[in-house]
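Written below as structure tokens is the structure these notes are about.
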Amino acid sequence: MEGHVYVPKGTSGASLMQVHGGSGVSSTVMVRIYSGDLRYYSGDVIARGMYDKWFRLNMIHDADAGKVAVYVDGKEVFRHDARGKAPAFYFKCGVYAAPKDHSRYMESRWKNIKMYKKK
């Protein structure tokens, strides 16, 4: 999946992009923003200083290999094992509140969204 995203300052604790589906979990990967930093769920920092600018966000989910990779502006910034197999997976982009420590105001703007499928 690929998209250009803009997150205004003040949005924090929000999910920006995820892959739904996993083994015993609702998602196999989620990219959130906390205080301007992109994170894998609420843990590992993926990229810093992402407020108030457009950036390209790519996510590759290799379901067969059980791997996920995240790219910001064409550079790989994160790689992780997926969270298990599922009957189906689907990508989601857009903002909603994470389980904890989220701001009352949340916004993300998306454009140029593309889906790619392995042949």
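Owing to the predicted nature of the structure, the values given are computational and were not obtained by experimental measurement. Scope of the values below: all heavy atoms of this structure, side chains included, with no hydrogens, waters or symmetry mates.
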Evaluation steps, side-chain contact (heavy atoms from CB on, under 4.5 Å), between Ser15 and Val95
CA-CA 5 Å; Ser15 169; Val95 69; over 6 Å; no
**Item:** Full working for side-chain contact (heavy atoms from CB on, under 4.5 Å) between Trp54 and Lys111
**Value:** CA-CA 10 Å; Trp54 285 100; Lys111 64 182 181 180; 3.8 Å; yes
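Looking at every heavy atom in both residues, Asp52 comes nearest to Lys9 through OD1-N, 3.0 Å.
For Tyr40 and His80, the ring centers are positioned less than 6.0 Å apart.
For the atom pair CZ of Arg32 and OG of Ser42, the computed distance is 5.5 Å after rounding to the nearest 0.5 Å. Annotation: the span from Arg109 atom CZ to Thr11 atom OG1 amounts to 9.0 Å, rounded to 0.5 Å. Note that NZ of Lys117 is 10.0 Å distant from CE of Met115, once rounded to the nearest 0.5 Å.
Inter-residue side-chain proximity for Phe78 and Val72 is flagged as unmet; no heavy-atom pair is nearer than 4.5 Å. Under the 4.5 Å side-chain criterion, counting only non-hydrogen atoms from C-beta, Asn58 is not in contact with Met1. Taking the side chain as every heavy atom from C-beta outward, Val45 and Leu38 never approach each other to under 4.5 Å. Here the side chains of Met17 and Met59 are in contact, with some heavy-atom distance below 4.5 Å.
The side chain to side chain contact (heavy atoms under 4.5 Å, CB included) check on Lys114 picks up Glu2, Tyr116, with sequence neighbours excluded. Applying the side chain to side chain contact (heavy atoms under 4.5 Å, CB included) rule to Asp81 yields the partners Lys67; only residues at least two apart in sequence or on another chain are considered.
Ser108 contributes no side-chain N or O that, together with a main-chain N or O of Leu16, makes up a donor-acceptor pair within less than 3.5 Å. A distance-only check finds no donor-acceptor pair linking the side chain of Asn112 to the backbone of His4 [under 3.5 Å]. Within the 3.5 Å criterion, the main-chain N or O of Arg39 finds no donor-acceptor partner in the side chain of Asp44. Remark: the backbone N or O of Ser35 is paired with a side-chain donor or acceptor of Ser12 at under 3.5 angstrom. At distances below 3.5 Å, not a single donor-acceptor pair connects side-chain atoms of Tyr6 with backbone N or O atoms of Lys53.
In the hydrophobic clustering of ILVMFWY residues, with side-chain heavy atoms under 4.5 Å counting as a link, Ile60 and Val31 come out apart.
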